[in-house]
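Structure record follows, encoded as structure tokens.
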Amino acid sequence: MEGWKLTLRNRPPLPVEVGCLSPETLAHASAAKLERIPLWLGRRTVALADLFRVEGGPGPLLVLAGACERLDGIGRGLVQGEIRVDADAGYGTGASQSGGSIHITGSVGDHAAAGMRGGMLTIEGGAGSFLGGPPPGARLGMRGGLVIVRGGAGPRAGERMRRGTILITGDAGDCCGARMVAGTVAVGGGLGASPGLRMRRGTILASRAVQGIPDTFVQTGQTELTILSLLACRLRHAAPWLAPLITGRPMRRASGDLAVDGRGEILLSEPIA
């Protein structure tokens, strides 16, 4: 697949905002023009060529090689095309993404997929806090799309989530799905403290809740839902761990958060503490 390849020359001394770089925005740029693009390095701007070596040409693919956690905003607002990062990524990866795909071979910082509306974000490592949460100043978090995390996630994954799916292979931190409005968060490992706090609707699905669930959820017994089998089938390639977790066994269900007249649900494959 044709596209630009940007190789980081050295680890930058300060965070670098690279949200302006995408296959779409660089579609008509020449190498010379690309090298002159200003990027914020801390509180000053530098030319892209001061930080990256430029190879390739316009195309539907953008590769960031030699990346590190100081590259912020990778894939921000991505509409189409593909971005590949061969290492870690920083703050706000995939924020406001509405299409295309982003693949991170390492881990990402806080606020990844903030305000995401579509497309796919795959993270081979772990994710920081507020995965799929609201962007600064916004009322709602993720409103569509698919996020796949092969590792674990920090606190408040899926906060204020409105729509879409988050798949976390490992553990999730405290307050997973807090204030959810709708959508699905599936966790292969355990949930931290206070999952689903003040959620109104939506589904949190996990192996276990390590510290239990909030007292404002009511346990409604065991259930076997056909929709879960359909979900596991649809996501069998993205999350092969999901089918063994939810098929062939009843899930333990709790409904809430009743403190906000919520009608969400937490489904666990192990007994609720």
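Since this is a predicted model, take the numbers as computed values, not measurements.
- Taking both residues in full, the closest heavy atoms of Asp171 and Gly190 are given as OD1-N, 2.7 Å, listed atom of the first, atom of the second, then distance.
- Trp40 and Ile37 are not part of a single hydrophobic cluster, where members link through side-chain heavy atoms under 4.5 Å apart.
- Judged purely by atom type and a 3.5 angstrom limit, Arg150 has no side-chain atom pairing as donor or acceptor with the backbone of Thr169.
- Applying the 6.0 Å contact sphere to CZ of Arg263 captures no more than 12 heavy atoms from other residues, nucleotides or ligands.
- Between Gln97 and Met120, the shortest heavy-atom contact is NE2-O, 3.2 Å.
- Between Leu197 and Asp257 there is a side-chain heavy-atom pair separated by less than 4.5 Å.
- A 6.0 Å sphere centred on CZ of Arg76 holds more than 12 heavy atoms belonging to other residues, nucleotides or ligands.
- Taking CG of Leu235 as the reference point, atom CH2 of Trp241 lies at 8.5 Å (rounded to 0.5 Å).
- Smallest separation of non-hydrogen atoms from Ala67 and Val85: CB-CG1, 3.5 Å.
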**Prompt:** Would Arg198 and Thr216 count as a side-chain contact (heavy atoms from CB on, under 4.5 Å) if you check the C-alpha gap in whole Å, the side-chain angles of each, and the deciding distance to 0.1 Å?
**Reply:** CA-CA 9 Å; Arg198 295 187 177 274; Thr216 47; over 6 Å; no
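- In this structure, the side chain of Ser255 does not engage the main chain of Glu265 through any donor-acceptor pair within 3.5 Å.
- The minimum heavy-atom distance between Ile213 and Pro195, with the atom names listed, is CG2-CG, 4.1 Å.
- Aromatic ring pairs are classed by plane angle as parallel below 30°, tilted from 30° to 60° and perpendicular above 60°; the pair Tyr91 and His111 is tilted.
- Taking every heavy atom of both residues into account, Trp4 and Leu26 meet most closely at NE1-O, 3.3 Å.
- A distance of 11.0 Å separates CD1 in Ile266 from OG1 in Thr220, rounded to the nearest 0.5 Å.
- Summarising the geometry, atom CG belonging to Leu121 is positioned 10.0 Å from atom NE2 belonging to His103; distances are rounded to the nearest 0.5 Å.
- Of the possible polar contacts, one joining the Arg70 side chain to the Pro12 backbone as a donor-acceptor pair under 3.5 Å is found.
- When the side chains of ILVMFWY residues are joined at heavy-atom separations under 4.5 Å, either directly or via intervening members, Leu191 and Val218 end up in two distinct hydrophobic clusters.
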**Request:** Under the side-chain contact (heavy atoms from CB on, under 4.5 Å) rule, what do Leu48 and Leu21 come out as? Steps first, then yes or no, please.
**Result:** CA-CA 10 Å; Leu48 182 143; Leu21 305 178; 3.8 Å; yes
**Asked** Would Met199 and Met161 count as a side-chain contact (heavy atoms from CB on, under 4.5 Å) if you check the C-alpha gap in whole Å, the side-chain angles of each, and the deciding distance to 0.1 Å?
**Response** CA-CA 9 Å; Met199 75 183 297; Met161 186 175 177; over 6 Å; no
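- The closest donor-acceptor contact from the side chain of Ser22 to the backbone of Gly75 lies at 3.5 Å or more, if one exists at all.
- Looking only at distances, a side-chain donor or acceptor of Thr105 sits under 3.5 Å from a matching main-chain atom of Asp86.
- With Glu17 contributing its side chain and Leu39 its backbone, the two residues share no donor-acceptor pair below 3.5 Å.
- Distance check, rounded to the nearest 0.5 Å: CD1 of Ile104 to CD1 of Ile83 gives 8.0 Å.
- For the atom pair Thr7 OG1 and Leu51 CG, the distance stands at 12.5 Å (nearest 0.5 Å).
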**Prompt:** Could you walk me through whether Ile148 and Ile123 pass the side-chain contact (heavy atoms from CB on, under 4.5 Å) check?
**Reply:** CA-CA 6 Å; Ile148 302 169; Ile123 303 161; over 6 Å; no
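- Under the 3.5 Å distance criterion, the side-chain polar atoms of Ser107 are left unmatched by any main-chain donor or acceptor of Gly125.
- Of all heavy-atom pairs spanning Arg9 and Arg53, the tightest one is NH2-CA, 3.8 Å.
- In this structure, the separation between CZ on Arg143 and CZ on Arg117 is 6.0 Å, given to the nearest 0.5 Å.
- Linking ILVMFWY residues whenever their side-chain heavy atoms come closer than 4.5 Å, directly or via other members, leaves Ile74 and Val79 in distinct clusters.
- A donor and an acceptor atom, one from each side chain of Ser194 and Asp174, are nowhere located under 3.5 Å apart.
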